[in-house]
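This structure is a prediction, so every number in the text was calculated from the model and none was measured.
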Amino acid sequence: MVVALVAGALFTKQLLWTPISAINMTDIVSNQFKMSGASFAGTDTKGEPFKIYAKSGRQEYENPDIILLEGVSGKVNRISDGTKITDNISANAGRYNRKKKTVTLLGNVRIDSSNGDKIRTNELVIKL
């Protein structure tokens, strides 16, 4: 009886079989590390704090110094003419280069500064 129940379940149309050839092994191999709600904070070379958030982030085996970001937002502080300015940033995507200490923002980049400055562009590199 148990064998009949198990066999019946295996032959129903509810079961979905995926052949191994249909699996994208390139995607599996290249995405070493993936996270949701990614964030990192620190200080730049001048000691000013920064915080960067992303809806998701991933790192590839072949390029461990680069973290690819989706849905980027954050705050970067800087000093200009002795005045501390906070930049609120957002972008569709970004690349954080841990070795070079840069964030490259990509797609619909928006910077709104506490001093009233605004930047709108498709690509912007921030050196941390």
Side-chain angles (χ1 to χ4, degrees):
M1 180 72 153
V2 173
V3 173
L5 289 174
V6 171
L10 289 175
F11 293 108
T12 65
K13 293 181 181 178
Q14 296 175 357
L15 208 59
L16 177 63
W17 294 93
T18 303
I20 294 205
S21 61
I23 297 173
N24 185 348
M25 292 305 289
T26 303
D27 190 44
I28 291 170
V29 170
S30 67
N31 294 320
Q32 170 189 2
F33 174 69
K34 189 169 186 175
M35 61 185 152
S36 297
S39 68
F40 62 98
T43 56
D44 64 15
T45 56
K46 296 180 181 177
E48 294 299 321
F50 67 87
K51 292 181 185 176
I52 304 289
Y53 304 95
K55 290 180 183 175
S56 67
R58 67 183 170 89
Q59 182 183 31
E60 297 176 333
Y61 281 120
E62 298 163 353
N63 213 349
D65 291 327
I66 305 293
I67 298 175
L68 303 170
L69 308 167
E70 294 293 326
V72 181
S73 64
K75 290 185 181 212
V76 176
N77 293 314
R78 61 187 168 92
I79 304 291
S80 179
D81 295 329
T83 303
K84 187 174 190 173
I85 298 170
T86 300
D87 297 324
N88 293 304
I89 63 171
S90 66
N92 293 344
R95 286 189 309 263
Y96 173 52
N97 186 320
R98 297 185 311 170
K99 193 174 259 183
K100 292 181 180 179
K101 298 202 183 273
T102 60
V103 175
T104 302
L105 302 173
L106 303 163
N108 196 28
V109 179
R110 301 174 64 90
I111 310 269
D112 294 310
S113 299
S114 59
N115 67 352
D117 291 344
K118 295 182 185 308
I119 297 174
R120 306 292 186 257
T121 187
N122 284 321
E123 183 174 343
L124 182 72
V125 178
I126 299 172
K127 187 171 181 177
L128 300 173

**Student:** Hey, which of K100, R95, K99 is the one that makes salt bridge (charged side-chain N to carboxylate O under 4.0 Å, His left out) with D65?
**Tutor:** K99
**Student:** CG/N77 to NZ/K75 distance, rounded to the nearest 0.5 angstrom?
**Tutor:** 8.5 Å
**Student:** Are any non-hydrogen side-chain atoms of T104 and N97 less than 4.5 angstrom apart?
**Tutor:** no
**Student:** In the hydrophobic clustering (ILVMFWY, side-chain contacts below 4.5 Å, transitive), which residues join L68, or is it alone?
**Tutor:** I66
**Student:** Of all the heavy-atom pairs spanning G57 and A38, show the shortest one and how long it is.
**Tutor:** N-CB, 4.3 Å
**Student:** How many angstroms lie between CZ in R98 and CZ in F40, if you round to the nearest 0.5 Å?
**Tutor:** 10.5 Å
**Student:** Which atoms form the tightest heavy-atom contact between V103 and Y96, and what is the distance?
**Tutor:** CG2-CD1, 3.7 Å
**Student:** Measure the spacing between CD1 of I67 and OG of S56 and express it to the nearest 0.5 Å.
**Tutor:** 12.0 Å
**Student:** I'd like to check T83 versus N115 (side-chain heavy atoms, cut-off strictly below 4.5 Å). Are they in contact?
**Tutor:** no
**Student:** Kindly give the heavy-atom pair with the smallest separation between S80 and I85, and that separation in Å.
**Tutor:** CB-CD1, 3.6 Å
**Student:** Is R120 salt-bridged to D112, cutoff N-O under 4.0 Å?
**Tutor:** yes
**Student:** Can you name the nearest heavy-atom pair linking A41 to K51, along with the distance?
**Tutor:** CB-CG, 3.9 Å
**Student:** Please report the shortest heavy-atom distance between A91 and V109, naming the atom on each side.
**Tutor:** CB-CG2, 4.0 Å
**Student:** Can a donor-acceptor pair be found, under 3.5 Å and without considering hydrogens, that links the side chain of Q59 to the backbone of P64?
**Tutor:** yes
**Student:** Just how far is it from atom OG1 of T102 to atom CD1 of I126, taken to the nearest 0.5 Å?
**Tutor:** 9.5 Å
**Student:** Is I52 reachable from I119 through a run of hydrophobic residues whose side-chain heavy atoms are each under 4.5 Å from the next?
**Tutor:** yes
**Student:** Can you find a pair of side-chain heavy atoms, one from I111 and one from V76, that are under 4.5 Å apart?
**Tutor:** no
**Student:** Between S113 and R78, is any pair of side-chain heavy atoms under 4.5 Å apart?
**Tutor:** yes
**Student:** Are I89 and L106 connected into the same hydrophobic cluster when the rule is that any two of I, L, V, M, F, W, Y join if their side-chain heavy atoms are below 4.5 Å apart?
**Tutor:** no
**Student:** Identify the two heavy atoms, one from G74 and one from Y53, that lie closest to each other, and give their separation to 0.1 Å.
**Tutor:** CA-CD1, 4.2 Å
